[in-house]
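To keep things clear, I will list the structure first and then write my remarks on it.
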Amino acid sequence: MPIIDAHVHLYPPEVNRDPAAWAAAHGEPHWANLCTRQRKGGQPVQGFPSVEQLLRDMDAADVSRAVLLGWYWERHEDCVLQNRFYADCVRAHPDRLSAFATVNPPAGLVAVDEACRAVADGLTGFGELSPHSQHFPLNDPVWRRILTLAAEWRVPVNLHVTDPASRPYLGRVETPLPGFIQLAREFPATTFVLAHWGGSLAWSREAVALPNVWFDTAASSLLYDTAVWDKALTDRVLFGSDYPLILYPEKETAPGFAGLAAEARGAGASAALLHDNAVKLFGWW
Ligand SMILES: [Zn+2]
């Protein structure tokens, strides 16, 4: 059974050429902290692969489809750049790639226009977004308009969630967990995918009781030990890697899917988690 990876990031060639310089020129310091830094040993935290390299890495680990997630950019024009790039990726490889749109609600109504345009252009969800990193409150009216549209269009919204108990790292942003439960209650027709096991919400009875809340496993190996694969109190979990993050920095020097896929399979992850849930949630066949 091939895998569907519901949490992959990819960047346009102009970002990949010199990510740190691009971030400095475009006012994206938070992304630069998280994605362009090096670990203590000097190795990079992630790679910046091309779409062709992504497809080769998917083939190497029997990943049949990847959902490309946008980044929670701090500037509207960077959301537009990412969305245009992803629409091109999906047009070029519709059998292998899907993509979600990114938006920056503080930009105002242009963010709603961009949401409409991106979905008309073939993107099939929103995310990965992070109100706390993008500096807007959960009651921001533009944000709430986009959550309402996501429900009308029946497309999911992927949100970054930080486990409050996780270790400190550069660029870590606190994302208080009750806010996600409140959002899911206020927007019952909107489907939320809470990234990184929902930052521990996947084992919260209160969170899993909400039928419109799903979880992904992005960056699991960097955050939790293998016992986590048995820990979720719900079946609404999607395999996600956070590629091109280097997920096993002690033994890997380049991004790839095989390590986390092997960890999941070794821990007894179900076919639903690895593949079928994504088909069900995203409406593929
Ligand atoms: Zn994340």
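Being a predicted model, the structure only gives us computed values, none of them experimental. Index from 1, following the sequence. Ligands are counted one by one from 1 in listed order, and the atoms in each one are counted from 1 as well.
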For this session: Measure from the Zn ion (ligand 1) to each N, O or S atom of Asp242 and report whether any distance is below 2.8 Å.
Result: no
Exercise. Between Phe136 and Tyr72, does the ring centroid distance fall short of 6.0 Å?
Worked result: no
Problem set entry | Close aromatic pair by centroid cut-off 6.0 Å: His7 and His196 | yes
Exercise. How many degrees, to 10°, between His196 NE2 and His160 ND1 as seen from the Zn ion (ligand 1)?
Worked result: 90°
Exercise. Any idea which N/O/S atom from Glu128 gets closest to the Zn ion (ligand 1)?
Worked result: OE2
Exercise. Under 6.0 Å between the ring centres of Phe48 and Trp22?
Worked result: no
For this session: Hey, can you tell me if Tyr243 and Phe257 have their rings parallel, tilted or perpendicular (30° and 60° cut-offs)?
Result: parallel
